Structures are given as C-alpha cells and as structure tokens.
Amino acid sequence: MALGSNQVTRAVANNFIPELWSDEVIGAYKSNLVVANLVTKLSHKGKKGDTIYIPVPARGDASIKAANTQVTLSAATNTAITVNIATHYEYSKLIEDIAEVQALASMRKFYTDDAGYALAKRVDTDLLALSEGLQGGTVGGTGAASFEKAVIASTGATDYTGNSSNAAAIADAGIRKMLLTLDDADVPMDNRCMVIPPTAASSLLGISRFTEQQFIGDGAAIKTGKIGNIYGVDIYVSTNCPTASGNSTTDRVGVLMHKDAFVLAEQVGVRSQTQYKQEYLGDLFTSDTIYGVAELRNDAGVAFVVPA
C-alpha cells in the first residue's frame, strides 16, 4: 500500500530524533485543550456503540400544599440529546531508519508536541462550531444566516446581521447583557466561562472592570488559555474560535457559556502506536482519537461576534 511521498527523510529529520512517546503526546494534548476542559465530558472508553442518548428533564414547579388535599403532581417533560460518536482524527509520521540513527533528541519533543496540538485543535474547533446553534441558531449557516442568533459584542442584545456585518468590539454593557440572558434562563452562576478570539483580548484590556478583576481568583495563569475574570466569569483566549462566513470582514465569534451548553464524549482517548514498515525501512507513528460532540442545553450559552 502506497503511503505517498511525504515521509520524514534524512533532510527533514536533521537535528532530531525519532523516538515518539505516547505519554508525551497525551501531555501535549491535554496542555493544548481549552474548550474541552470547560464543557461536560462523558467517557465512553471501552464501550461499544456509536450513539449516546442523554436524557434532559425539564425543570418542574413547586405547588402550594393545601390542608386536607392531596399533593399536586408535577407533569414530567423529558427530552433526549443525541451524541453521535463519529469523529476520528489521526496524526501520522513515517520516520526512516537513517533519520532514527542520525537524529538528535529534540525531534521526539517536536513531533509529540505537534501531534498533541493537532488533535487538541480539532476537538476544540468542533466544540466551538456548536456555538452557532445556541439560542435557536442553525449550525452551518452561511451568508446572512451565519450565526444569525449571535449578538454583537458591544451590546449583547443586537442580532448579528451576517452579510451586512454589524460586528462591534466587546464592551462592558455587552457582557452584562449576555450574563442577563443566561440569568433569565436560570442558568447556574457557577461553571460559567467566556471564550474569546485573540482580537477581542485587546478590547477587554480597555474595560476597567476587567483590569480591576483579572488578578482576583485562584491564579489565572495556571489554567490553559485563561487570561482573567470578569463578573465571576473566567475568560479564555482561543485561536480556534469560529469565523462568521458570508461577509468580507471575516468577523470572529466568541461564546459566553455554562459547562452544560456542550458535551464531549470520548470513546478512544489520545493513543499512540508505532509499526515498522519494511518496505519503507522506517517506523510509522500514529496518534489518534475517537469522539463526538453535541449541544446539551440550547439556552446555556450565547454566541457573540467581534470584528476580525
């Protein structure tokens, strides 16, 4: 079976070494994840099947208990969220024997870091793509329908208009309005976060409320991508934030969400395998992962749009 012509040759492997360690790939993967650490996780490891059904019961109301009467039965309304585990990503290198013999130690670190980063990027990107469906939006919309239920970040209330872009820089009033949207939907106060594209980070630094609060908490720099905190919400920067399609300005999208907005189901965590390929006189190294993502609670997040 032909593997193409992109093997790691002696020239490509110059000053590297080919030993690739699974633990290092997993470590790099975990250190590069941002959004996957902020959502609900389900482990499906070692289990068969390609679909998970998650029951989502609706909240009930309490009733007054009148004397000498029976209790009031609360009607149960339950729905189910379907998580299709159908995503399989891999990262592979074929390392020729001459590269293995002659290369130095830094090659292992480069390729293990690169494999972990590449797989983490795919998981975070797939999760952030779901933000288009929040608040009743349609995932995969284009043109004027791209992120049609997102709001512009300056107000948190004005709908994004797609083709005739009205995106505006994030502002204090916009953050407060988006928080109110979650409050009105009874979204819990804890486990909320905001994921922003890099272009929005500079705007946040101009909000006095953010600069006053960003050093309060449990050490922002410890968590991957976390740059601060505002109104009790942790702020994370991710280059994987989506781009709103259908306009020439390529506006960027962020999301304010609770961890229950999205779910990540892993069937095969990051694993690494090697196989010697005699026909190529080299080791084939592959890291891969199998997972599925889905929106869990539609009203537990708000997508917002900022200029590129």
Side-chain angles (χ1 to χ4, degrees), residues 29-41 120-121 123-125 127-131 134-135 147 150-158 160 167-242 251-264 295-308:
Y29 170 78
K30 290 181 178 179
S31 67
N32 283 293
L33 287 175
V34 176
V35 184
N37 295 323
L38 306 174
V39 302
T40 299
K41 286 186 177 180
K121 182 179 178 69
V123 174
D124 271 6
T125 298
L127 282 167
L128 284 167
L130 297 174
S131 62
L134 292 172
Q135 302 297 323
F147 286 89
V151 296
I152 63 173
S154 59
T155 68
T158 306
Y160 177 62
I170 195 166
D172 188 36
I175 295 172
R176 287 186 280 111
K177 175 57 179 176
M178 287 186 281
L179 288 171
L180 178 60
T181 299
L182 297 190
D183 292 342
D184 286 342
D186 289 329
V187 177
M189 297 287 187
D190 60 340
N191 293 314
R192 292 182 182 182
C193 67
M194 180 181 285
V195 182
I196 62 174
T199 184
S202 59
S203 299
L204 269 179
L205 293 174
I207 300 176
S208 58
R209 183 67 64 183
F210 176 71
T211 54
E212 289 168 2
Q213 296 191 31
Q214 65 174 323
F215 300 109
I216 301 175
D218 56 354
I222 296 175
K223 297 181 179 179
T224 302
K226 183 177 174 183
I227 63 169
N229 178 291
I230 186 169
Y231 297 119
V233 176
D234 290 336
I235 310 295
Y236 295 83
V237 175
S238 175
T239 58
N240 299 324
C241 286
D251 299 323
R252 298 297 300 277
V253 181
V255 59
L256 172 65
M257 65 180 187
H258 185 268
K259 68 174 295 185
D260 286 344
F262 308 133
V263 60
L264 166 65
E295 180 188 90
L296 192 56
R297 292 190 180 275
N298 188 259
D299 58 0
V302 179
F304 57 89
V305 185
V306 297

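This chain uses plain numbering: 1 for the first residue, then up along the sequence. Predicted model only: the values in this text are computed from it and were never measured.
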*Audit row: M194, I175, side-chain contact (heavy atoms from CB on, under 4.5 Å) steps and yes/no*: CA-CA 9 Å; M194 180 181 285; I175 295 172; 4.1 Å; yes
For residues 299-308, run the donor-acceptor check on the side chains, cut-off 3.5 Å, and write out each pair with its distance to 0.1 Å, sequence neighbours left out.
none

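- The minimum heavy-atom distance linking E295 with L130 is given by the pair N-CD1, 3.9 Å.
- Among all heavy-atom pairs drawn from V237 and P197, the shortest one is CG1-C, 4.4 Å.
- For residues 172-181, the set of pairs meeting the side-chain hydrogen bond (donor to acceptor under 3.5 Å, both in side chains) definition, not counting sequence neighbours, comprises D172-R176, D172-Y231.
- Residues S203 and A169 come closest through the heavy atom pair OG-CB, 3.7 Å.
- A side-chain donor-acceptor contact under 3.5 Å links N240 and K121.
- Judged by distance alone, with hydrogens and angles left aside, the side-chain atoms of R192 form no donor-acceptor pair with the main-chain N or O of G232 at under 3.5 Å.
- For R297, there are no salt bridge (charged side-chain N to carboxylate O under 4.0 Å, His left out) partners, not counting sequence neighbours.
- Note that CG of N229 is 7.0 Å distant from CD1 of I235, once rounded to the nearest 0.5 Å.
- With N298 contributing its side chain and Q135 its backbone, the two residues share a donor-acceptor pair below 3.5 Å.
- Side-chain contact check for H258 versus P188: some heavy-atom pair is nearer than 4.5 Å.
- If you take CD1 on I196 and CG on L204, they are separated by 4.5 Å, rounding to the nearest 0.5 Å.
- Annotation for A200 and I170: closest pair O-CG2, 4.0 Å, computed over non-hydrogen atoms.
- Taken to the nearest 0.5 Å, the OG atom of S131 stands 5.5 Å off from the CZ atom of F262.
- Residues D260 and L296 share a closest heavy-atom pair of O-CB, 3.0 Å.
- Side-chain contact between L182 and M189: absent, with no pair of heavy atoms (C-beta onward) separated by less than 4.5 Å.
- If you check the side chains of D251 and Y160, you find a donor sitting under 3.5 Å from an acceptor.
- The side-chain heavy atoms of N37 and Y236, taken from C-beta on, include no pair separated by under 4.5 Å.
- Under the side chain to side chain contact (heavy atoms under 4.5 Å, CB included) rule, L38 has a single partner from V255, L127, V195, N191, which is V195.
- Among all heavy-atom pairs drawn from A36 and D124, the shortest one is N-OD1, 3.0 Å.
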